[in-house]
Amino acid sequence: MLSEFDLIKQFFVRPGAGRAELGIGDDCALLRPTPGMTMAISSDMLVEDRHFFAGEDPRRLGHKSLAVNLSDLAAMGARPVAFTLALALPVADADWLRAFSGGLFALADAHGCELIGGDTTKGPLNICITIFGEVASSRALRRDAARAGDDIWVSGTLGDARLALAGLRGETPLAADALAQAAQRMHLPTPRVALGLALAGQGLAHAAIDISDGLAGDLGHILERSGAGATLDADALPAGPVLATQDIALRRAYTAAGGDDYELCFTAPAAQREAILAAGVACGTPVARVGRIEAERGLRFVDAAGAPLDLRLGGFDHFVV
Ligand code: ADP
Ligand code: MG
């Protein structure tokens, strides 16, 4: 039987000095910020039966737990530095822990982000990560910085994670291979860290947010904090490859308000269009221009011809079950 301390030592302590002054093993970790930089800090919790199904593959869970936190740093334009892991586990299962920490560290290493501490306890499966990043303070991509006239952009594609959920729930019939492909988006999100760094570092964007609860709702946070409104072109929203094969009503609903996409939504002056497209190419992350920030409050949708659309999105909240 693994004790709490064996478990930490075996699966979470790694040899070799990281960039933290002091890592796992003392009452606190010690982190020295780079002079002149501001720390960006965020926590995200994943709870069994709420954010993932019981019996979820532990390697994917390790990836996703960190990915959703990296996505928050990306949305701020911050560079990942370190993270802590608070873990409640029903049982200390070595196979589960090996797979979980394997998925976690594969993504952590890809972003140079070091595990510096945490807490471990017995209890219903619950994973909480706090992540620390750095950004030049004047460059952080804040939600309150959108301006009337800005273009609205989104990275990557939207809606496949929500489509996978509909498929798993039996709400939308999907062929097995299509469901498997869409489910990849739900289980293994890609945080857009390089794009966030480029947008902030080159001063290309005004405001940004990561899309975790659906574009309409998350853009709504930018609008509220910035005291602005927007019009989105529903038919310019980039659908995921599986969603793209579905009918137009589902495409519009799930791109506009799907959930679990972990793409970036950002606003930028029209003068930056070419530089933003170039940054997307340089990062290997497609970007699409999907609307415009306006002085008039509220969120409006139009179709490809510019005609107003009434998208009733209320029924598509990922978290209202
Ligand atoms: P304390 O009792 O002082 O809170 P703990 O005994 O809980 O410390 O933890 C011992 C050390 O192990 C601490 O440095 C803590 O940050 C680290 N730690 C505990 N759980 C984890 C975990 N799941 N991942 C990484 N580090 C952990
Ligand atoms: Mg403790």
Side-chain angles (χ1 to χ4, degrees), residues 1-34 37-74 76 78-134 187-191 193 210 212 260 262:
M1 188 64 193
L2 278 170
S3 78
E4 181 188 332
F5 298 103
D6 292 340
L7 180 166
I8 296 166
K9 210 160 118 191
Q10 197 172 332
F11 297 106
F12 297 113
V13 178
R14 302 169 89 205
R19 53 169 295 189
E21 204 172 297
L22 185 63
I24 293 173
D26 214 310
D27 297 310
C28 291
L30 299 175
L31 202 57
R32 193 197 310 247
T34 306
M37 300 293 272
T38 296
M39 298 224 78
I41 302 162
S42 178
S43 292
D44 253 305
M45 182 151 62
L46 293 191
V47 177
E48 187 172 81
D49 289 331
R50 189 73 197 159
H51 302 98
F52 59 91
F53 297 112
E56 167 63 322
D57 174 74
R59 192 177 169 88
R60 292 196 306 215
L61 207 49
H63 172 101
K64 185 163 179 176
S65 309
L66 185 60
V68 300
N69 280 276
L70 287 165
S71 180
D72 283 316
L73 289 186
M76 216 66 196
R79 182 179 299 285
V81 174
F83 66 105
T84 62
L85 169 67
L87 198 55
L89 291 171
V91 286
D93 177 335
D95 290 336
W96 191 96
L97 282 158
R98 193 172 298 111
F100 175 82
S101 60
L104 181 82
F105 284 129
L107 186 62
D109 292 348
H111 291 278
C113 195
E114 182 189 355
L115 178 61
I116 56 170
D119 199 20
T120 307
T121 178
K122 194 176 165 96
L125 185 55
N126 188 334
I127 304 151
C128 181
I129 287 179
T130 297
I131 199 160
F132 303 82
E134 288 188 341
H187 295 306
L188 294 170
T190 304
V193 175
D210 68 321
S212 53
D260 249 6
Y262 298 102

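Order of listing sets the numbers, starting from 1, for every ligand and every atom in it.
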Practice task
Keeping to residues at least two apart or across chains, list the side-chain hydrogen bond (donor to acceptor under 3.5 Å, both in side chains) pairs with something in residues 85-108.
Solution key: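 For residues 85-108, and leaving out neighbouring residues, the side-chain hydrogen bond (donor to acceptor under 3.5 Å, both in side chains) pairs sorted by first residue read Asp95-Arg98.
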Provide the number and element of each atom of ligand 1 under 4.0 Å from a heavy atom of [X].
| X | answer |
| --- | --- |
| Asp119 | 7 (O), 19 (C), 20 (N), 21 (C), 23 (N) |
| Asp26 | 13 (C), 14 (O) |
| Thr120 | 19 (C), 20 (N), 21 (C), 22 (C), 23 (N) |
| Phe5 | 6 (O) |

Handout entry: N or O contact, Ile24 vs ligand 1, cut-off under 3.5 Å
Key = no
Practice task
Ignoring angles and geometry beyond distance, decide whether Gly25 reaches within less than 3.5 Å of ligand 1 through its nitrogen or oxygen atoms.
Solution key: yes
Exercise for the section: Please work out whether any backbone atom (N, CA, C, O) or any side-chain heavy atom from C-beta onward of Thr84 is under 4.0 Å from ligand 1, and answer side chain, backbone, both or neither. Expected result: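 Under 4.0 Å from ligand 1, Thr84 contributes no heavy atoms.
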Problem - Test item: Leu70 and Leu107 side chains (from C-beta on) under 4.5 Å apart, heavy atoms - result: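 Yes, at least one pair of side-chain atoms sits under 4.5 Å.
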Problem - Interatomic distance, Leu73 atom CG to Glu134 atom CD [nearest 0.5 angstrom] - result: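 Reported value, rounded in 0.5 Å steps: 10.5 Å.
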Practice task
Between Asp27, Ile8, Val13, flag the one that comes closest to atom 3 (O) of ligand 1 by a heavy atom.
Solution key: Asp27
Report all side-chain donor-acceptor pairs from residues 5-13 shorter than 3.5 Å, counting only partners two or more places apart or in another chain.
| from | atom 1 | to | atom 2 | distance (Å) |
| --- | --- | --- | --- | --- |
| Asp6 | OD2 | Ser3 | OG | 3.3 |

Exercise for the section: May I ask you to check whether over 12 heavy atoms, not counting those of Arg60, lie within 6.0 Å of atom CZ? Expected result: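 Atom CZ in Arg60 is packed in, count exceeds 12.
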Problem - CE (Met45) with more than 12 external heavy atoms under 6.0 Å - result: no
